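First comes the structure, then the notes that go with it.
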Amino acid sequence: MGIKRINPGPRMSQAVVFGDMVYLSGQVGNLGDDVAAQTKTILDNVDALLAEAGTNKSNVLKAEIWLSDMAHFGAMNRVWDAWIDPANPPARATGESKLAAPEFFVEIMITAAKI
């Protein structure tokens with residue numbers, strides 16, 4: 001059983017597939033966008049990476065969400081709730097953290113299964 005790295009770079013891969021598991025790196029949106037737009041961009045990227053890995057959002061097992069300020073929780077959740085498969089919600093944690101740049105408001109990391 002090999003390891004498949006999707007969009008590898010010098011520091012990290014955007015996703016790693018090992019067996020029936022898919023691990024996505026933390027995804028961020030576009031600098032200058034508001035919380036909702038960053039969340040939408042992130043979830044579009046998640047969809048694309050999951051598809052390239054051979055799975056989809058219905059197979060997401062766990063989501064870790066970091067917000068630069070918990071005041072963004074509602075705006076992020078409105079986009080998340082429109083995206084998530086309500087029949088298959090993942091385990092999820094959301095917390096507040098300093099992100100890589102002050103212009104990033106949201107970062108999301110996903111673990112999914114390939115089934």
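Numbers for residues simply follow the sequence, beginning at 1. Because the structure is a prediction, the values reported are computed rather than measured.
- For Lys4, the NZ atom is densely surrounded, since the number of other residues' heavy atoms within 6.0 Å is greater than 12.
- Residues Ile115 and Thr55 fail the side-chain proximity criterion, which asks for heavy atoms closer than 4.5 Å.
- A distance of 6.0 Å separates CD1 of Ile42 from CD of Gln38, quoted to the nearest 0.5 Å.
- Identified under the ring pair (Phe, Tyr, Trp, His ring centres under 6.0 Å) test for residues 9-39, with sequence neighbours left out: none.
- Val35 approaches His72 most closely through the heavy-atom pair CG2-ND1, 3.0 Å.
- The distance from the OG atom of Ser13 to the CD1 atom of Ile3 is 10.0 Å, given to the nearest 0.5 Å.
- Shortest non-hydrogen contact noted between Ala63 and Ile110 is CB-CD1, 3.7 Å.
- Between Leu24 and Leu50, the closest side-chain pair of non-hydrogen atoms falls below 4.5 Å.
- For the atom pair OG1 (Thr111) and CD (Glu64), the distance works out to 6.5 Å, reported to the nearest 0.5 Å.
- Here the closest non-hydrogen pair linking Asp33 and Ala37 is CB-CB, 3.7 Å.
- A salt bridge (Lys or Arg N to Asp or Glu O under 4.0 Å) check over residues 99-115, counting only residues at least two apart or in different chains, returns nothing.
- To the nearest 0.5 Å, atom OG1 of residue Thr39 and atom CH2 of residue Trp80 are 10.0 Å apart.
- Leu31 belongs to a hydrophobic cluster whose remaining members, ordered by chain and number, are Val28, Trp66, Leu99, Phe104, Met109; membership requires side-chain heavy atoms of ILVMFWY residues under 4.5 Å apart, directly or through intermediates.
- Residues forming a side-chain hydrogen bond (donor to acceptor under 3.5 Å, both in side chains) with Lys57 (at least two apart in sequence, or on another chain): none.
- Residues forming a side-chain hydrogen bond (donor to acceptor under 3.5 Å, both in side chains) with Asn45 (at least two apart in sequence, or on another chain): none.
- Side-chain contact between Ile65 and Leu67: present, with at least one pair of heavy atoms (C-beta onward) separated by less than 4.5 Å.
- Side-chain contact between Gln27 and Leu43: absent, with no pair of heavy atoms (C-beta onward) separated by less than 4.5 Å.
- The distance from the OG atom of Ser25 to the CD atom of Gln14 is 5.5 Å, given to the nearest 0.5 Å.
- Considering only heavy atoms from C-beta on, Met21 stays 4.5 Å or farther from Val17 through its side chain.
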Tabulate below the donor-acceptor pairs under 3.5 Å that side-chain atoms of residues 81-93 make, not counting sequence neighbours, or state none.
residue	atom	partner	partner atom	Å
Trp83	NE1	Asp47	OD1	3.1
Trp83	NE1	Asp47	OD2	3.0
Asp85	OD1	Ala87	N	3.0
Asp85	OD2	Ser58	OG	2.6
Asp85	OD2	Asn88	ND2	2.8
Arg92	NE	Thr94	OG1	3.2
Arg92	NH1	Asn77	OD1	2.9
Arg92	NH2	Asn77	OD1	2.9
Arg92	NH2	Thr94	OG1	3.2

